[in-house]
Structure formats: structure tokens, C-alpha cells
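Everything on this sheet refers to the single structure shown next.
In what follows, chains are A, B, ... by sequence order, proteins preceding strands, each numbered from 1. Source: prediction; values computed, not measured.
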2 protein chains.
Amino acid sequence: MSISSRFAVAIHILSLLGINKDQINTSEWIAGSVNTNPVVIRKITGYLKNAGLVHVRPGVAGASLARDLSDISLLDVYKAVQAVPENELFGIHDQPNPACTVGRNIQQAIEPLFVTAQLALEKALGNVTIADVVSNILEQERQRSN
Amino acid sequence: MSISSRFAVAIHILSLLGINKDQINTSEWIAGSVNTNPVVIRKITGYLKNAGLVHVRPGVAGASLARDLSDISLLDVYKAVQAVPENELFGIHDQPNPACTVGRNIQQAIEPLFVTAQLALEKALGNVTIADVVSNILEQERQRSN
DNA sequence: ATTACATGTAATATAATAAGTTACAGGTTA
DNA sequence: TAACCTGTAACTTATTATATTACATGTAAT
């Protein structure tokens, strides 16, 4: 299955906070842009807060960036929202037959290979920042007006 | 969510076919090693057959390798079993608000970045073969006897 | 030919999970 | 105190993976 769209939504939120940094961005307003329920936004914002990426406080309207856009990588976001369960990108079948040579060794044989692939993915995500995303957004916006 | 364990099971199957190449490996026998239902095995074997990785024929017992173990990369298997739906590793929320600058551009802004990360993952998977997996299995088996 | 037994596959059941929603507790400010 | 926000628990709904049942079809040996 695909990686949770929570990751994409989180990127959306951060981009919005960057572009609308002079406004007050409430969960309801953000939800209107993402097109989902405000509670979904608040939950994701909570993840981002725990990771130190945004500021939000109970009772006070709006979320804001805690870091510069260029200092937030997609990997930061990916890990913040736990896009993948228990940090395990690849699912492995459990309880293979211990009476079989392959069955009793397959998990340990595969694991390091999966970890390597996972790290390659994470490295790629680490090379991109939200500033790049916003840059892409603004560039496309420019092209629309032509 | 994690990538389907169908991928890991397919690797298990191919490793088994390599190690037990002198035996007749029926879906029931393989299912015993993986610890699942024979129908699950037959379905995955069907994927592998379509990708030209194994030989199987209706009515005749057993599957066998169609290529050398060192000529089957994890990427071949990954694609064969469609470990990820529609080749889209990352899920993206749909119908963001077109009335918002971010909403109407976010999907296109993110997509190429996700593709890049996905390709990094696939490249890593392409660097490993089933022969490597079998090698790991046999190495672990050796260590057990010490 | 008929029997035994395998694969292929449709249909269904079960379980796990993501996303959306409701409801409300608790915090903040005017 | 009133208005309004965030935080969060509880629940619903939708989607999907995996397991299972049932059976059609193919093969080979007797």
C-alpha cells in the first residue's frame, strides 16, 4: 500500500504556513485549503509540533513555522508524521516455518537489505526542503498567469 | 502503511526455489514454508510467472526458476508483484482547494520530488539479487551450527 | 478413459488500517 | 463571562491486504 497521505498533507500545511506567514492560519482555514476536516489538520499539526517544526498553543488561534522553510527537509516531515509504521517501510510476513532452512532464516536475511533500501529513500527525502516545494508552487503559479 | 508483505513472500518463494531446485515445489509445500494458504502462493507465483521469473504450468506440480538467481534483482520482484499500487509509493491527498494558491499547485509541486525519492528506493533494490538473499540465508544457517 | 492431483481464479470472509466525523474538555483573549 | 480556539477521545466509514472456500481446468499415470 502507499505511504500515508498524511505526509503529503503535512507538506501542504507547512507550505501554507510559509506562504501565508503574515496571516493567522487556523485549523479550519488550513482544512479548507487541504479539503479535509479540521481535526485531521490539528492531529497532523500536533505531530509537527512534537517534532519542533511548528508552534501551536491550545486556545490561541493559528499555527506558525518554528524553523525556516529551508531548514525543514521532507525527511524531517516524513519522520515527524510517522508516515510509515514503526519505521518499517517494508512489511515482512511473520511466523515462517522454523523447520525449513529458508523459513527460519528469511527474515534476518532480508532485513538488512530492506534497511539499505529504506535509507536510500530517506536520504533522497533529506535532500529536499519545504523551501523547494514552495519554490515549485510559486513557479507553477507564475506559469498559470501566462 | 508498509509495503505489502507480498514482496517479502515473493522473495521467500524464489529463495526456496533456488535452494530446493532439485525438488518439486508445489504451492502447498511452499505455503508450508511461508506459513500461509496455498492460494496466496499460487497468486504470487502467477505474478512471478507473468514477469518471466518462474515457470509454472496448470496441472503440473511445482514451480521452478526461469532465470539464474543472480539475474533476479529485488527490483524485478518488487515490480513483478506490484508491491506498490499503480507504481505510486507516496499517497497524495486529492481535491485540494483550487481557490487557494497552495491548494491548486501542491500536487504538481510535490510529484516530481516523490518520484525522485521513489527512484532512489528502486535503484537500491536493483542493486541486490535473490542470489544475495540466498547467500545470507546459507551464511546464517552455517552460524546456527556453531 | 478414469483417477489422482496439481494449478488458476472467482467469490467471499476476516482483519487491519486510514481518513473523516462528532463531541467535548480545556486554554486564551477580549 | 462570552466567544473562539486547540487537543483529544470515541466512533463511523471506506479501503485494502490477507486468508479461505469452492470449483473449473489441465496433466500424467494407471
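Closest to the B/V40 side chain, of the nucleotides C/dA18, D/dA19, D/dC5, is D/dA19.
The two residues A/P96 and A/I106 make their nearest non-hydrogen contact at CG-CG2, 4.0 Å.
The separation between A/R6 atom CZ and C/dG20 atom P is 11 Å, rounded to whole Å. Distance B/I44 CD1 to D/dA19 P: 8 Å, rounded to the nearest Å. Going from atom CZ of B/R42 over to atom P of D/dT21 covers 13 Å, rounded to whole Å. Protein atom CD1 of A/I30 is 15 Å distant from nucleotide atom P of C/dG20, rounded to whole Å. Protein atom CD1 of A/I3 is 16 Å distant from nucleotide atom P of D/dT16, rounded to whole Å. A straight line from CD of A/E28 to P of D/dC5 spans 7 Å, rounded to a whole angstrom. Across the protein-nucleic acid pair, B/K49 atom NZ and C/dT9 atom P stand 8 Å apart, rounded to whole Å. The distance from atom CG of A/N35 to atom P of C/dG20 is 8 Å, rounded to the nearest whole Å.
In this structure, B/S27 reaches the C/dT7 phosphate: one of its side-chain N or O atoms is under 4.0 Å from OP1 or OP2. In terms of phosphate contacts, A/S5 brings a side-chain nitrogen or oxygen within less than 4.0 Å of OP1 or OP2 of C/dA19. Residue B/R57 places no side-chain N or O under 4.0 Å from the OP1 or OP2 atom of C/dC5. At least one side-chain nitrogen or oxygen of B/T36 sits closer than 4.0 Å to the OP1 or OP2 atom of D/dA19.
Heavy atoms of B/G46 sit nowhere under 4.0 angstrom from any nucleic acid atom. Here A/V39 lies in heavy-atom contact (under 4.0 Å) with a base. Counting any heavy atom pair closer than 4.0 Å across all strands shown, B/G91 reaches no nucleic acid atom.
Side chain of A/T116 to main chain of A/P112: a donor-acceptor pair is present (N/O by atom type, distance under 3.5 Å, no hydrogens or angles).
In the model, B/Q107 has no side-chain atom that pairs as donor or acceptor with a side-chain atom of B/E111 under 3.5 Å. For the residue pair A/S135/A/D132, the side-chain donor-acceptor check at 3.5 Å is not satisfied.
Linking ILVMFWY side-chain heavy atoms closer than 4.5 Å, directly or via other members, places B/L74 and B/Y47 in a single hydrophobic cluster.
Positionally, the nearest nucleotide of DNA chain C for A/P85 lies more toward the 5' end than for the other of A/N37 and A/P85.
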